[in-house]
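Every chain is numbered from 1 and lettered A, B, ... according to where its sequence line falls, protein lines coming before strand lines. Computed from a prediction, not measured in an experiment: that's the story for all the values here.
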Amino acid sequence: MLKIYNTLAREKQIFTPIIAGKVSMYVCGMTVYDYCHLGHARVMVVFDMVSRWLRASGYDVNYVRNITDIDDKIIKRANENGETIGQLTQRFIDAMDEDSEKLGVIRPNLEPRATEYVDGMIQMIAALIEKGFAYVAANGDVFYSVNNFEGYGKLSGKSLEDLRAGERVEVDTHKKDPMDFVLWKSVKPNEPSWASPWGNGRPGWHIECSAMSSHLLGEHFDIHGGGQDLQFPHHENEIAQSEAAHSHDGKPCQMVNYWMHNGFVRVDDEKMSKSLGNFFTIRTVLEKYDAEVVRFFILRAHYRSPLNYSDKHLDDAKLALTRLYTALRGHVVTDIAIDWQHPQAARFKEAMDDDFNTPEAMAVLFDLANEVNKTKAVEAASLLKSLAGVLGLLQRDANDFLQGSPIVASLNTTLEPLTGGLGSDSYTELMIKKRTQAKQEKNFAESDRIRKELADAGIILEDSPQGTTWRRA
RNA sequence: GGCGCGAUAGCAAAGCGGUUAUGCCGCGGCCUGCAAAGCCGUUUAGACCAGUUCGACUCUGGUUCGCGCCUCCA
């Protein structure tokens with residue numbers, strides 16, 4: 001029985017879908033004006049893991065992750081670059097797709113773009129005005145009136161009173177209440193705009209998710225996810241918009257049953273964020289680390305815990321993943337359905353059902369690796385690979401990982417790994433043959449010299465009764 | 001200031017009111033020509049102070065420290 005920590009309730013709750021056997025899930029995706037950083041990687045990987053586990057549990061999952069392709073920063077960046085907004089956003093959507101594919105993220109069922117749903121947003125804003133939850137200000141902007149929505153603050157646990165006390169931003173004089181937020185911004189020079197009953201303009205940020213989620217998943221759906229920083233104000237405002245717009249006879253309509261928020265990626269114990277400038281893009285990290293190592297690193301922590309990024313931690317993750325692949329090496333495993341009655345599989349399931357406890361699930365993987373190493377049983381190896389597959393890990397051939405192309409940036413430039421020189425696959429194979437011969441002749445000095453030479457080039461040799469194998473450090 | 005989260009061994013990171021987490025590192029042994037890998041064993045825990053309990057890392061209260069949200073942010 002799956003339990004999910006529901007931000008709305010501030011506790012783990014048994015997951016019951018609205019429609020038996022089906023799950024509708026919406027996750028706030030990226031604003032595409034720059035490359036994705038590791039914080040974005042975490043959202044993508046975490047909710048990919050969630051959708052995989054829901055599917056492995058037998059649910060028919062409809063997973064929607066939106067793309068924000070119209071926003072202040074996008075407009076600004078496009079202007080700076082002298083390119084159109086469409087060019088800019090498409091470029092970074094393509095980059096995002098590349099990054100997420102490398103990280104083993106299965107594409108969501110739908111990836112709606114905000115600009116494709118402006119009509120829906122306008123309709124929703126009109127409904128909000130009609131029902132008395134929004135008003136047109138003197139400057140032509142349309143604002144949401146937080147005072148008229150009784151449940152405002154229920155997700156973030158904030159009261160309007162507290163929020164006003166903590167007000168740090170210059171108050172927009174067009175607002176009736178400082179906490180009111182914009183639904184529609186009237187057009188400004190050199191900005192894209194759409195026609196609306198309130199004049200030309202463009203949507204505010206929050207309204208897009210309300211419009212897209214209700215259009216694609218309905219007024220009431222199962223799971224809504226995103227980074228912890230979206231809890232307030234973004235998700236709070238989504239609830240206010242959706243539940244008010246979909247209210248019937250003055251009664252709000254519940255928007256989402258389970259709200260999920262993943263923890264931040266940190267650098268030196270500080271949140272990784274664009275504003276702090278302490279972020280690492282996914283592609284920068286992938287220059288140095290295998291994408292599966294990054295995925296492993298992310299899933300190694302519980303999704304709600306903070307995750308500290310550093311080279312040391314990635315190195316550690318790499319060694320740990322190497323242990324798992326080493327256990328799988330040499331086994332020809334066939335894809336078989338997981339027997340969830342198996343003690344280790346049951347333990348894995350229990351961990352995942354407990355609010356997606358991937359660290360505990362991974363401990364099962366390591367215990368299985370130990371069993372594989374001890375017994376050489378192909379059944380154990382198959383189970384290891386299958387269970388890891390549920391997390392999107394360990395699906396490559398073991399040698400592809402262990403002998404994987406050296407990461408160029410970390411290579412000594414005098415080596416020629418790709419052209420047959422020291423450090424290359426072919427040179428390694430050649431030297432292994434020479435060394436095997438030397439060993440047969442009991443010429444251990446030569447054999448050790450070769451091993452040392454390769455070791456210095458990052459190639460580790462491992463002798464066994466079946467011959468010598470190699471891997472990259 | 002308001003609201004919230006956290007503090008576990010050298011590092012990372014979980015569960016659990018009493019029984020080995022797990023990975024990396026360290027140490028000892030087995031294996032090996034020697035290594036590596038693997039296997040076996042093993043040293044380092046639960047910020048601090050009280051309380052509840054036969055028994056607390058685990059529950060309760062307090063203290064200290066760290067972090068996050070309250071402004072765009074995954």
Side-chain angles (χ1 to χ4, degrees), chain A residues 7 10 27-31 33 36-47 65 68 71-73 76 153 156-159 161-170 179 205 225-234 236 261-266 269-276 279 296-297 300-302 304-308 310 312-324 326-327 329 347 350-351 354 357-367 369-370 372-376 402 439 442-445 447-448 451-452 455 460-465 468-471 473:
Chain A
T7 308
R10 265 160 270 281
V27 171
C28 288
M30 264 52 78
T31 301
Y33 69 100
C36 291
H37 59 63
L38 279 180
H40 301 117
R42 192 173 192 190
V43 181
M44 293 196 281
V45 169
V46 160
F47 287 100
R65 190 185 64 207
T68 300
D71 139 279
D72 289 355
K73 287 187 289 282
K76 183 165 176 273
S156 55
K158 297 174 190 300
S159 70
E161 210 175 305
D162 294 341
L163 285 165
R164 288 190 197 105
E167 187 66 46
R168 293 188 293 185
V169 179
E170 204 175 317
M179 293 318 297
W205 174 35
Q228 223 160 42
D229 44 2
L230 297 186
Q231 192 179 320
F232 188 89
H234 186 56
E236 193 71 65
H261 293 96
N262 66 273
F264 297 129
V265 175
R266 300 178 176 181
D269 287 317
E270 264 195 334
K271 175 185 173 181
M272 178 182 288
S273 75
K274 298 212 172 163
S275 37
L276 287 173
F279 62 90
F296 180 90
F297 166 70
R300 214 179 173 201
H302 184 88
R304 284 190 282 116
S305 302
L307 178 62
N308 255 313
S310 75
K312 186 167 177 285
H313 296 155
L314 268 290
D315 290 338
D316 190 70
K318 181 188 174 181
L319 289 171
L321 186 57
T322 297
R323 175 169 164 80
L324 294 180
T326 302
R329 183 166 55 175
R347 214 181 120 209
E350 197 184 339
D354 183 15
N357 191 341
T358 52
E360 178 65 25
M362 282 201 188
V364 174
L365 262 33
F366 283 99
D367 286 346
N370 177 260
V372 171
N373 288 332
K374 240 188 301 196
T375 65
K376 309 292 176 202
L402 296 170
K439 275 178 55 172
K442 304 284 183 198
N443 184 354
F444 295 122
S447 137
D448 289 350
R451 186 169 62 196
K452 176 77 164 50
I460 297 166
L461 300 189
E462 296 171 335
D463 295 335
S464 80
T468 300
T469 56
W470 65 277
R471 64 190 169 90

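Between A/Asn357 atom CG and B/U22 atom C1' the separation is 11 Å, expressed in whole Å. Regarding A/Leu319, its CG atom lies at a distance of 15 Å from the C1' atom of B/G26, rounded to whole Å. Atoms CG (A/Leu321) and P (B/A37) sit 16 Å apart, rounded to a whole Å. Look at CZ on A/Phe264: it is 14 Å from P on B/C67, rounded to the nearest Å. One interatomic measurement links the two molecules: CD of A/Glu236 to P of B/C3, which rounds to 16 Å at whole-angstrom precision. Atom-to-atom, NZ of A/Lys158 to P of B/G2 comes out at 13 Å; the value is rounded to the nearest Å.
Put simply, the side chain of A/Ser447 never gets that close to the backbone of A/Asn443: no donor and acceptor are under 3.5 Å apart. A/Asp354 places no side-chain N or O within 3.5 Å of a backbone atom of A/Glu350 that could act as its donor or acceptor partner. The backbone N or O of A/Lys439 sits nowhere less than 3.5 Å from a side-chain atom of A/Lys442 that would complete a donor-acceptor pair.
Side-chain proximity of A/Val43 to B/A14, B/C24, B/A74: nearest is B/A74. Across B/A74, B/C67, B/A37, the shortest atom-to-atom separation from the side chain of A/Arg266 is found for B/C67. In the set B/C70, B/A74, B/G68, B/G68 carries the atom at the smallest distance from any side-chain atom of A/Glu270. When each of B/G2, B/A74, B/A14 is scored by its nearest atom to the side-chain atoms of A/Asp162, the top-ranked nucleotide is B/G2. Of the listed nucleotides (B/A74, B/C67, B/C70), B/C70 has the atom at the smallest distance from the side chain of A/Leu163.
Residue A/His261 is out of contact with every strand shown, counting any heavy-atom pair closer than 4.0 Å. As judged by a 4.0 angstrom heavy-atom cut-off over every strand, A/Ser275 is placed among the base-contacting residues. Within 4.0 Å of A/Ala320, counting heavy atoms only, lie sugar-phosphate atoms of the nucleic acid but no base atom. Across all strands, A/Gly29 comes closer than 4.0 Å only to sugar-phosphate atoms, never to a base (heavy-atom distances). Counting non-hydrogen atoms under 4.0 angstrom, A/Val265 reaches a base of the nucleic acid. Residue contacts for A/Asp367: at a heavy-atom cut-off of 4.0 Å it reaches the sugar-phosphate backbone alone, with no base atom in range. Across all strands shown, A/Gly227 has heavy atoms under 4.0 Å from sugar-phosphate atoms exclusively, and none from any base. Counting any heavy atom pair closer than 4.0 Å across all strands shown, A/Met44 reaches no nucleic acid atom. Within the 4.0 angstrom heavy-atom criterion, base atoms lie near A/Asn262.
Under the side chain to side chain contact (heavy atoms under 4.5 Å, CB included) criterion, A/Asn308 pairs with A/Arg266, A/Asp269, A/His313, not counting sequence neighbours. Every residue two or more places apart in sequence or in another chain that forms a side chain to side chain contact (heavy atoms under 4.5 Å, CB included) with A/Ser464 is listed here: A/Gln466. Residues that satisfy the salt bridge (Lys or Arg N to Asp or Glu O under 4.0 Å) test with A/Lys318, not counting sequence neighbours, are absent from this structure. By the salt bridge (Lys or Arg N to Asp or Glu O under 4.0 Å) test, A/Lys158 pairs with no residue at all, sequence neighbours left out. Residues passing the salt bridge (Lys or Arg N to Asp or Glu O under 4.0 Å) test with A/Arg42, sequence neighbours excluded: none. A search for side-chain hydrogen bond (donor to acceptor under 3.5 Å, both in side chains) contacts involving A/Asp448 returns A/Arg451, not counting sequence neighbours. With sequence neighbours left out, A/Pro233 forms a side chain to side chain contact (heavy atoms under 4.5 Å, CB included) with A/His206, A/Asn237. Partners of A/Arg304 by side chain to side chain contact (heavy atoms under 4.5 Å, CB included), not counting sequence neighbours, listed by chain and number: A/Tyr5, A/Lys12, A/His302, A/Asp355.
For the C1' atoms, the distance linking B/A45 with B/A74 amounts to 33 Å, nearest Å. Look at the P atom in both B/C48 and B/U64: the space between them is 16 Å, to the nearest Å. Taking atom C1' on both nucleotides, B/A9 is separated from B/U44 by 5 Å, rounded to a whole Å. B/C57 sits 10 Å from B/A47 when the P atoms are compared, rounded to a whole Å. Taking atom P in both B/C54 and B/C70, the straight-line distance is 47 Å, to the nearest Å. Nucleotides B/A50 and B/G26 are separated by 37 Å at their C1' atoms, to the nearest Å. Straight-line distance between the P atoms of B/U20 and B/U60: roughly 25 Å, to the nearest whole Å. B/G6 and B/A21 have their P atoms separated by 22 Å, with the value rounded to a whole Å.
Along RNA chain B, the nucleotide nearest to A/Leu276 and the one nearest to A/Arg329 differ in position, and the one closer to the 5' end is contacted by A/Arg329. For A/Phe366 and A/Leu307, each mapped to the nucleotide of RNA chain B holding its nearest heavy atom, the one lying further toward the 5' end belongs to A/Leu307.
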Enumerate all atom pairs, one protein N or O and one N or O from nucleotides 8-12 of chain B, separated by less than 3.5 Å.
from, atom 1, to, atom 2, distance (Å)
B/C11, O2', A/Lys312, NZ, 2.7

Nucleotides 39-41 of chain B: which of its N/O atoms have a protein N/O under 3.5 Å away?
from, atom 1, to, atom 2, distance (Å)
B/C39, OP1, A/Arg323, NH2, 3.4
B/C39, OP1, A/Asn370, ND2, 2.9
B/C39, OP1, A/Asn373, ND2, 3.3
B/C39, OP2, A/Arg323, NH1, 3.3
B/C40, OP1, A/Lys374, NZ, 2.9
B/C40, OP2, A/Asn370, ND2, 3.3

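Atom CD1 of A/Ile460 and atom OG1 of A/Thr322 lie 8.5 Å apart (nearest 0.5 Å). A distance of 6.0 Å separates CZ of A/Arg323 from CG of A/Asn370, quoted to the nearest 0.5 Å. The distance from atom CD of A/Glu236 to atom CG of A/Leu163, rounded to the nearest 0.5 Å, is 8.0 Å. One finds the CG atom of A/Asp316 at 11.5 Å from the CG atom of A/Leu321 (value rounded to the nearest 0.5 Å). In this structure, A/Phe296 CZ and A/Met362 CE are separated by 5.0 Å, a value rounded to the nearest 0.5 Å.
Of all the heavy atoms in A/Leu230 and A/Cys28, the pair that sits closest is CD1-CB, 3.5 Å.
In secondary-structure terms, RNA chain B builds stems of at least 3 consecutive Watson-Crick or G-U pairs, each pair having both distances under 3.5 Å, at B:1-7 with B:64-70, B:10-12 with B:22-24, B:26-30 with B:38-42, B:47-51 with B:59-63.
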Seminar exercise, completed: Readout for nucleotides 30-36 of chain B: B = base within 4.0 Å of protein heavy atom, S = sugar-phosphate only, - = neither; 5' to 3' it is ---BBBB
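Between B/C69 and A/Lys271, a contact under 4.0 Å exists linking OP1 or OP2 to a side-chain N or O.
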